[in-house]
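Heads up, the thing below is written out as structure tokens.
Indexing begins at 1, ligand by ligand and atom by atom, following the structure's order. Hydrogens, waters and symmetry mates are skipped; everything else that's a heavy atom, side chains included, is used. Note that the structure is predicted; figures quoted are calculated from it, not measured.
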Amino acid sequence: MFNLNLYQEKLTTGFIGQSIKYFPKLDSTNTKAWELISENAKNGTVVITDNQTSGRGRQANKWMSISGKSLTFSIILYPNVLPNQINLYSLIAGLAITDCLIEYNIHAKLKWPNDILINSKKVGGILCKSKISGGVIKSIVIGIGLNVNEKITELPEELHNQATSLFIDSGKELQLEALLANIINKLENRIQNIDKTLTDWKKHCSHLNQEVTFHTGNKIVNGIFKGLSLAGQAIITINNKKVKFDSGEII
Ligand code: BTN
């Protein structure tokens, strides 16, 4: 069971995570977050559960997690920024996680748009959705799933060569409450320093200037991942031509 006191002891933010809604069990923290937005939840509210039963991933994938072993949470923000900033928010969330993990001596990499990798295996993912009104992003839900204390035997066997956890990498069990607070602290810091996002993201990118196979819409293309546009789009050189992508998946 998530201990709110342990979390609050580590939290140093001004607004993100000061309001936290904890549920022992939820279908999806993202779904709950949108429900709370409709009930006027505060800016920066964090929704967390020990046991997410129907987690959603990108590209209509499912996000599976073992009760009490990982972090599954969502953050509600009302940023009032232009819609072209949406990609930046998911990049920021990835950076907040790498910033936090470095303090645990864990060196994670980022795969565009928002997978968190350790030794080329996925340890976490981010699902970021927004609502636009009056030409600005009124609300964003950043949903984060991070595999923390799972042992290798607890991950489905078919995922052993693609997925990992912080425990598998470091051999140490981490306290979920402190880890969450540390991620939120870093997230607020990243939001306050949004101008550093693109440069820092590229430093943590797992595939900068490398050949990638990219799945976008119903097409699969090969090219060199050259970096990010000012709006956080992927720039990929395909047949010597730079092409920008808003969405897609490196496979
Ligand atoms: C991905 O890599 O496909 C994104 C996974 C995002 C999973 C998180 S877990 C907390 C939040 N609630 C959800 O239903 N999904 C996100």
Could you give the side-chain donor-acceptor pairs of residues 85-98 under 3.5 Å, partners two or more places apart or in another chain?
| unit_1 | atom_1 | unit_2 | atom_2 | d |
| --- | --- | --- | --- | --- |
| N87 | ND2 | D246 | O | 3.4 |
| S90 | OG | N114 | ND2 | 3.2 |
| T98 | OG1 | L95 | O | 3.0 |

* Can you name the one residue among I106, L166, L117, D169 that meets side-chain contact (heavy atoms from CB on, under 4.5 Å) with V123? ->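 That would be L166.
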* ligand 1: protein residues within heavy-atom distance under 4.0 Å ->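 These residues qualify: S28, T29, N30, Q52, G55, R56, G57, R58, W63, T72, F73, S74, D115, K122, G125, I126, L127, G143, I144, G145.
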* Look at atom CG of N161 and say whether more than 12 heavy atoms of other residues, nucleotides or ligands are closer to it than 6.0 Å. =>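 Enclosed: over 12 neighbouring heavy atoms sit under 6.0 Å from CG of N161.
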* To do: Step through the shown structure and confirm whether more than 12 heavy atoms of other residues, nucleotides or ligands are within 6.0 Å of CD on E158.
  =>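 Result for CD/E158: enclosed.
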* **Any residue meeting salt bridge (Lys or Arg N to Asp or Glu O under 4.0 Å) with E103, in chain and number order, not counting sequence neighbours** =>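 Listed in chain order: K186.
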* Qualifying residues under salt bridge (Lys or Arg N to Asp or Glu O under 4.0 Å), relative to D99, sequence neighbours excluded ->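 If we apply the salt bridge (Lys or Arg N to Asp or Glu O under 4.0 Å) test to D99, skipping adjacent residues, the hits are R190.
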